[in-house]
Every structure is written in structure tokens, then in C-alpha cells.
**Q** 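The structure under discussion is supplied below as C-alpha cells; questions concerning it will follow.
Since we're looking at a predicted model, the values are computed, not measured. Heavy atoms only: backbone and side chains are in, while hydrogens, waters and symmetry mates are out. Indexing begins at 1, ligand by ligand and atom by atom, following the structure's order.
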Amino acid sequence: MIKVLFVCLGNICRSPMAQIIFENMVKELGLENKFEIDSAGTEGYNELCNAGIHRGTKEILRRKGVAFAEHYSRKIRQKDYEYYDYIIAMDKENIDDIKSIIGHDKDKKITRLLDYTNKPRNIKDPWYTGNFDETYEDVVEGCEAFLKSLKL
Ligand code: 4NP
């Protein structure tokens, strides 16, 4: 089982989008039984208010014909570090925040999604940019590159 945790700040825009897109990609390949996939945030405020996926993320997923179930925001926990094989952040700030929660990345599990591509960069936060189309394109590019890197 390959366990993957996608992480952003609020766990309502980018990381649930990455979780859903990656789930759909592995399902299309018939590999869903090989993976356990989830997402989390580095901040806890959306967990406290039981927030679901942001409507901008839902809208673009529906527009692109990507099926999804509701996901409720949760903050990353220390024990996630031992449990997951890959902890994949959306931007550099997420990486710093994850390390401040889980401590030293002794097993080198923490990466940034677009570092799997040949154009390493952050995925901008659509909570601030409002540009969910750009987020979608970046997430698809990153998930494809990550999947390819696994050489399954
Ligand atoms: P995300 O975006 O990290 O991509 O889920 C955000 C969502 C909510 C907030 C910030 C970023 N917020 O401040 O509530």
C-alpha cells in the first residue's frame, strides 16, 4: 500500500483538489487498491468549523467532470508522519509549517507537488488568487508527474 497525504494551508481548496484528482488518476489505471490517499491542512481553523471543500474547488471539478465525495478539513497530526509514505505540500510555506508540526523530516517524506515536474514552483493559493482554473492545471500537472515518478 502506498500512502499519500496531500497538504495545504486550509485543506479546503488545493489539497482536497489534489487528493481527488490523484484518486481519479489511480482509479483510471485500476490501481486504487494499491493506494491510500488523504489530505490535510497546516492550520486547524477549518477543522474547528467542520468546513467542507471550497465551492471554487467543487465548481472546477464538476466542470472538468471529475467525480468527488465531500471531504472535511482536518489539521495534519504528528502521527501522520509515521503513517504516510509521501507527504506532499502545495507550496514552500506548507513545508515549513509541516516541519514545525511534525519536526525533522528524518525519512525525507515531505516534498512539494510541482517539484515532481520539470518546472518546480509553488501552487498559488486560490483562496487569495480566486483562480481555481490555474490551480486545477497545476494540480493535474503535479499529480501526473508524481504518479510517473512512482514508476508503477
Ligand atoms: P488552501 O486555501 O490552503 O488551498 O485550502 C486556503 C483556504 C482557507 C484559508 C486559507 C487558505 N483560510 O484562511 O481559511
**Q** Would you say P126 has any N or O atom under 3.5 Å from an N or O of ligand 1, going by distance alone?
**A**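 Not met; the criterion fails.
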**Q** Which heavy-atom pair separates Y116 from G142 by the least distance, and what is that distance?
**A**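 Between these two residues, the closest heavy atoms are CB-O, 4.5 Å.
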**Q** Among all protein heavy atoms in this structure, tell me which lies nearest to atom 13 (O) of ligand 1, with the distance rounded to 0.1 Å.
**A**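 So the nearest neighbour among protein heavy atoms is Y45 OH, 3.2 Å.
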**Q** Thinking salt bridges, do R14 and D125 make one under a 4.0 Å N-O criterion?
**A** yes
**Q** Specify the protein heavy atom at minimum distance from atom 6 (C) of ligand 1: its residue, its atom name, and the distance to 0.1 Å.
**A**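 Atom 6 (C) of ligand 1 sits closest to the protein heavy atom W127 CB, 3.4 Å.
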**Q** Quick one: look up the protein heavy atom nearest atom 2 (O) of ligand 1 and list residue, atom name and how far away it is.
**A** D125 OD1, 2.9 Å
**Q** Would you say NZ of K124 has more than 12 non-hydrogen atoms from neighbouring residues, nucleotides or ligands within 6.0 angstrom?
**A** no
**Q** Which heavy atom of I12 sits nearest a heavy atom of G52, and at what distance?
**A**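 Of all heavy-atom pairs spanning I12 and G52, the closest is CG2-O, 3.3 Å.
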**Q** Please identify which of these residues, M1, K3, E36, meets the side chain to side chain contact (heavy atoms under 4.5 Å, CB included) condition with D85.
**A**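 Result: among M1, K3, E36, K3 is the only option passing the side chain to side chain contact (heavy atoms under 4.5 Å, CB included) with D85.
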**Q** If you count the atoms of ligand 1 from 1 in the order shown, which ones are under 4.0 Å from a heavy atom of I12?
**A**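 Near I12, meaning under 4.0 Å from one of its heavy atoms, ligand 1 has 5 (O), 7 (C), 8 (C).
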**Q** Looking only at protein heavy atoms, which one is nearest to atom 3 (O) of ligand 1, and how far off is it?
**A**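 The answer is G10 N, 2.8 Å.
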**Q** With no hydrogens and no angle check, just 3.5 Å: does a side-chain donor-acceptor pair link N11 and R74?
**A** no
**Q** Which atoms of ligand 1 sit under 4.0 Å from any heavy atom of L9?
**A**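 Selected atoms, number and element: 3 (O), 10 (C), 11 (C).
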**Q** Ligand 1 versus N11, non-hydrogen atoms closer than 4.0 Å: side chain, backbone, both, neither?
**A** backbone
**Q** Say whether, by atom type as modelled, one donor and one acceptor occur between the side chain of K109 and the main chain of Y84 under 3.5 angstrom.
**A**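 Yes, K109 side chain to Y84 backbone: donor-acceptor pair under 3.5 Å.
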**Q** Please say whether C8 places an N or O atom under 3.5 Å from an N or O atom belonging to ligand 1.
**A** no
**Q** Counting heavy atoms only, which of E93, M17, R14 comes nearest to atom 4 (O) of ligand 1?
**A** R14
